[in-house]
Amino acid sequence: MTAKIAYDDVEVGAELPARTFPVTRATLVQYAGASGDFNPIHWNEKFAVEVGLTDVIAHGMFTMAEAICVVTDWAGDPGAVVEYGVRFTKPVVVPNDDKGATIEVSGKVAAKLDDNTVRVDLTAMSAGQKVLGMSRAVVRLA
């Protein structure tokens with residue numbers, strides 16, 4: 001597969017369609033099972049509070065994975081992402097209620113690079129706080 005977006009059709013500053021990702025305690029348990037990361041800060045409220053957190057928090061890699069979905073959906077091919085990195089700035093706190101938390105992700109084409117690639121800068125927010133910093137992907141377009 002290849003990206004469905006043509007390099008020549010993309011301008012610096014173009015915004016990618018934003019997405020909101022719900023996160024519940026059940027989501028965290030499912031991710032723990034899939035990833036093998038059963039750290040109790042991601043599912044045990046008592047333990048999370050004992051180690052200084054306000055509540056259970058989402059896995060950083062889960063947050064990172066949700067954010068890149070904005071890019072892969074836009075490009076039309078997950079294999080088009082040739083580079084991706086973030087800094088974890090704030091945790092996504094997931095309360096034990098019917099709503100849980102949300103991660104709001106937006107993206108913008110920040111630069112056109114060589115070899116039909118672009119750099120996309122992502123912004124990931126939860127509860128009004130930026131949860132990922134320096135979130136950038138390099139994507140090879142058609």
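The basis for the numbers below is simple: all heavy atoms, side chains too, and nothing from hydrogens, waters or symmetry mates.
Within the 4.5 Å cutoff, no side-chain heavy atoms of F21 are placed close to those of T27. Under the 4.5 Å side-chain criterion, counting only non-hydrogen atoms from C-beta, Y31 is not in contact with H42. In this structure, the side chains of T117 and L141 stay at 4.5 Å or more apart for every pair of heavy atoms.
Among residues at least two apart or in separate chains, side chain to side chain donor-acceptor pair (under 3.5 Å) pairs with a member in residues 126-142 are D115-R140. For residues 20-40, every residue pair satisfying the salt bridge (charged side-chain N to carboxylate O under 4.0 Å, His left out) rule, not counting sequence neighbours, is listed here: R25-E45, R25-D55. The side chain to side chain donor-acceptor pair (under 3.5 Å) analysis of residues 82-98, with sequence neighbours excluded, yields no pairs. The side chain to side chain donor-acceptor pair (under 3.5 Å) pairs that include a residue from residues 58-76 are R19-D73, where partners are two or more places apart or lie in different chains.
Listed by chain and number, the hydrophobic cluster partners of F38 come to none, as no ILVMFWY side chain reaches under 4.5 Å of it. Under a 4.5 Å side-chain heavy-atom cut-off, the cluster of Ile, Leu, Val, Met, Phe, Trp and Tyr residues that includes I41 is completed by F47, V51, L53, I57, V93.
By the side chain to side chain donor-acceptor pair (under 3.5 Å) test, K46 is found to be paired with E50, residues two or more places apart in sequence or in another chain being considered. The side chain to side chain donor-acceptor pair (under 3.5 Å) check on T123 picks up nothing, with sequence neighbours excluded. Listed by chain and residue number, Y7, V12, V118 satisfy the side-chain contact (heavy atoms from CB on, under 4.5 Å) test with K112 (two or more places apart in sequence, or in another chain). Take Q30 and apply the side chain to side chain donor-acceptor pair (under 3.5 Å) test, not counting sequence neighbours, and it matches no residue. Evaluation of the side chain to side chain donor-acceptor pair (under 3.5 Å) rule for T102 yields E104 as partners, not counting sequence neighbours. When the side-chain contact (heavy atoms from CB on, under 4.5 Å) test is applied to A110, the partners found at least two apart in sequence or on another chain are R119, D121.
Linking Ile, Leu, Val, Met, Phe, Trp and Tyr residues whenever their side-chain heavy atoms come within less than 4.5 Å leaves W43 and V23 in two separate clusters. Under the 4.5 Å side-chain heavy-atom criterion for grouping Ile, Leu, Val, Met, Phe, Trp and Tyr, V131 is not connected to M125 through any hydrophobic cluster. In this structure, V138 is not a member of the same hydrophobic cluster as V71, with clusters built from ILVMFWY side-chain heavy atoms closer than 4.5 Å. Cluster annotation: V82 and L113 are assigned to the same hydrophobic cluster (Ile/Leu/Val/Met/Phe/Trp/Tyr, side-chain heavy-atom contacts under 4.5 Å, transitive). Transitive grouping of hydrophobic side chains (ILVMFWY, heavy atoms separated by less than 4.5 Å) brings M64 and F62 into a common cluster.
Smallest separation of non-hydrogen atoms from A142 and A3: CB-O, 3.4 Å.
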CA sep, side-chain torsions, deciding dist, call: V92, V94, side-chain contact (heavy atoms from CB on, under 4.5 Å): CA-CA 6 Å; V92 175; V94 183; 4.3 Å; yes
Check against side-chain contact (heavy atoms from CB on, under 4.5 Å), L132 and L122: CA-CA 8 Å; L132 298 176; L122 296 167; over 6 Å; no
Stepwise side-chain contact (heavy atoms from CB on, under 4.5 Å) check, V109 with L16: CA-CA 8 Å; V109 175; L16 282 62; 4.1 Å; yes
Stepwise side-chain contact (heavy atoms from CB on, under 4.5 Å) test for L28 and V56: CA-CA 9 Å; L28 301 182; V56 165; 3.6 Å; yes
